[in-house]
Protein chains: 2
Amino acid sequence: MSTAALEARSIQFIPAAASAGVRAPVAQMKTQCSTCHLRELCLPCGMNDVDLTRLDNLGFTRRKIKAGETLYREGDKFTHLYAVRFGTLKSSLILSDGREQVSGFHIAGELVGLDGVAQGRHASATMALEDTEVCAISYTALADLAISTAGMQHIVSRMMSREILREHSLMMLLGSMNAEERLAAFLLNLSQRYAARGYSDREFHLRMSRAEIGSYLGMKLETVSRAFSAFQQQGLLEVDKRHIRITDLEELKHRFDVRVH
Amino acid sequence: MSTAALEARSIQFIPAAASAGVRAPVAQMKTQCSTCHLRELCLPCGMNDVDLTRLDNLGFTRRKIKAGETLYREGDKFTHLYAVRFGTLKSSLILSDGREQVSGFHIAGELVGLDGVAQGRHASATMALEDTEVCAISYTALADLAISTAGMQHIVSRMMSREILREHSLMMLLGSMNAEERLAAFLLNLSQRYAARGYSDREFHLRMSRAEIGSYLGMKLETVSRAFSAFQQQGLLEVDKRHIRITDLEELKHRFDVRVH
DNA sequence: CGGCTTCTTGATCCTCTTCAAGGGTGGTGG
DNA sequence: CCACCACCCTTGAAGAGGATCAAGAAGCCG
């Protein structure tokens, strides 16, 4: 039945041009965490050398996803977790009235797919917003490894708990902030995540549309657009389509910090 | 700083009479999962006899929390998970402007405290809405057990993933539903959870105030009250203060199912 | 170039919030 | 035992914020 909903939506709401619904072709090369430049951010973060070697032995498969292709869909069997190597992913699910509800955006070093553990099937779909590459991590292999490796269990648990915290803060945002505060929170969150990856925290390119931002933040695309314009007029941002330059990061932080400690 | 926020809020916002801020006194008896009537719902759900025996050997401590007392507070060191034996708990955190944001309600058989795994400290506070009893599950003991026990690891992971799904659906609710739809979803969710515990799915007593429901659902208490009145007028509910009788469960479901498959 | 998508901006409408008042209830102390 | 207070809930009226509807501009691609 969720499949039916998906199909219905493909027909009605997805622009033909976007090549959505095209499943990405599978797999090329094997990758090792120990040589990955993302190892400080990604799964191996905080792991000792012994554990890291074991992780390497799993031999993760890399997989490329072109913009508009899906990594997995709602209801797909859950087999792997995915670590983003580069690019941007969007997770979303489709409401029965056909509208899309975006539940997250994922950039390099972030782990995707944890929602599948509970039921053995993915609870949402994940699609690439630009050409993207991921490491496919077999969940059974990882679980087996966790049994024999003391630290690994905790690493996985921590990843999941982090996901809980992420959703937690989004809930708070949706529950208690107005439009401009939501957008400020969103931009600051992106800014932080880019900064942690060595990119500028004041200037970046959005990979998602106004509508996708709006869905994620629980507001309409027009409202997102108006909030951008308002920030620009107030001298907080310079906005050129999807290119964002934060000109007054402190004031932007202030807007957000007022609400959540 | 979060402590400061808490103190400030205690003074300003918590009614003196409620005896809030009083930490519950610790511990009485040891409990075994194998003899617990909640074992089909709680942590041991899906566990084999061997694993269950191992779980029993951990010897969980029971702890009583009186209405208005806190189980743990935001920022407290994370040491235990808690399984609710009976009663009702509320998880929430305090925004810097002093308002409370409720993030969940927990009834018998549900697990509380998973938000602490990521950072070793609790990200929210949890308080009893009525006299409540929990099993305190040492997280380190559970983690040790998970290392030696194949199935245990997955049980914990599944618990966490379930929490992710729960927050997921709440996000969707906050992002895409109007006031009446939110309240319908809330009542249906409660109804299901009570039914799973052998209670009536059509008649129950709310343990939380309109303001707490409102905070959880992202709306004001007046709006909650109006939605209750509207449902009553439409013949869906009979409401007497906190006592709820669902007179047209199907129609109520319909309101919700329209939105999320 | 034309068609399409995305974004911006204006005008209007509607939902929910805010403000305000009144009733009911439980607990406490005189 | 009753009076009073604090709290919770309900309901009305007014107001604000965001949704919706609509039009047009800018960029992209075949």
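Values reported hereafter were calculated over all heavy atoms of this structure, with side chains retained and with hydrogens, waters and symmetry mates removed. Chain naming here is simple, since letters A, B, ... match the order of the sequence lines and numbering starts at 1 in each. Because the structure is a prediction, the values reported are computed rather than measured.
Per the geometry, CD1 belonging to A/Ile213 stands 14 Å off C1' belonging to C/dT8, to the nearest Å. Between the P atom of D/dT10 and the CG atom of B/Leu183 lies a distance of 11 Å, rounded to the nearest Å. In this structure, B/Leu217 places its CG atom 14 Å from C1' of C/dC16, rounding to the nearest Å. Between the CZ atom of A/Arg210 and the C1' atom of C/dT9 there is a distance of 13 Å, rounded to whole Å. Summarising the geometry, the separation between NZ on A/Lys220 and P on C/dT15 is reported as 14 Å, rounded to the nearest angstrom. Residue B/Met219 contributes atom CE, which lies 13 Å from atom P of C/dT18 at whole-angstrom precision. Atom pair B/Glu212:CD and D/dC8:P shows a separation of 8 Å (rounding to whole Å applied). Here D/dA16 presents its C1' atom at 11 Å from CG of A/Asn178, a figure rounded to the nearest Å.
Backbone-only contact: A/Ser209 has heavy atoms under 4.0 Å from sugar-phosphate atoms and none from a base. Using a 4.0 Å heavy-atom distance criterion, B/Gly218 is classed as a sugar-phosphate-only contact. The residue A/Ser225 sits close to a base: some heavy atom pair falls under 4.0 Å.
Comparing D/dT20, C/dT8, D/dT11 by their closest approach to the side chain of A/Leu221 singles out C/dT8. Nearest to the side chain of A/Glu222, among C/dC16, D/dT11, C/dT9, sits C/dT9.
When the side chain to side chain contact (heavy atoms under 4.5 Å, CB included) test is applied to A/His37, no partner is found at least two apart in sequence or on another chain.
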Using atom types as modelled, flag every donor-acceptor pair under 3.5 Å from a side chain in residues 216-233 of chain A to any protein atom, sequence neighbours excluded.
residue, atom, partner, partner atom, Å
A/Ser229, OG, A/Ser225, O, 3.1
A/Gln232, NE2, A/Val239, O, 3.4

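Within a heavy-atom distance below 4.0 Å of DNA chain C, no residue of residues 234-248 of chain B is found.
By the 6.0 Å contact criterion, OH on B/Tyr199 is open, its count of non-hydrogen atoms from other residues, nucleotides or ligands being 12 or less.
The base of D/dT20 lies close enough to the side chain of A/Arg226 for a donor and an acceptor atom to sit less than 3.5 Å apart.
For the residue pair B/Ala108 and B/Arg85, the shortest heavy atom distance occurs at CB-O, 3.4 Å.
Residue A/Thr223 has no polar side-chain atom (N or O) positioned under 4.0 Å from OP1 or OP2 of D/dG17.
A donor-acceptor contact under 3.5 angstrom links the side chains of B/His106 and B/Ser91, judged on distance only. In this model, a donor atom of one side chain and an acceptor atom of the other lie less than 3.5 Å apart for A/Arg193 and A/Asn189.
With respect to A/Glu250 and A/Arg202, a salt bridge is recorded, a charged nitrogen being found less than 4.0 Å from a carboxylate O.
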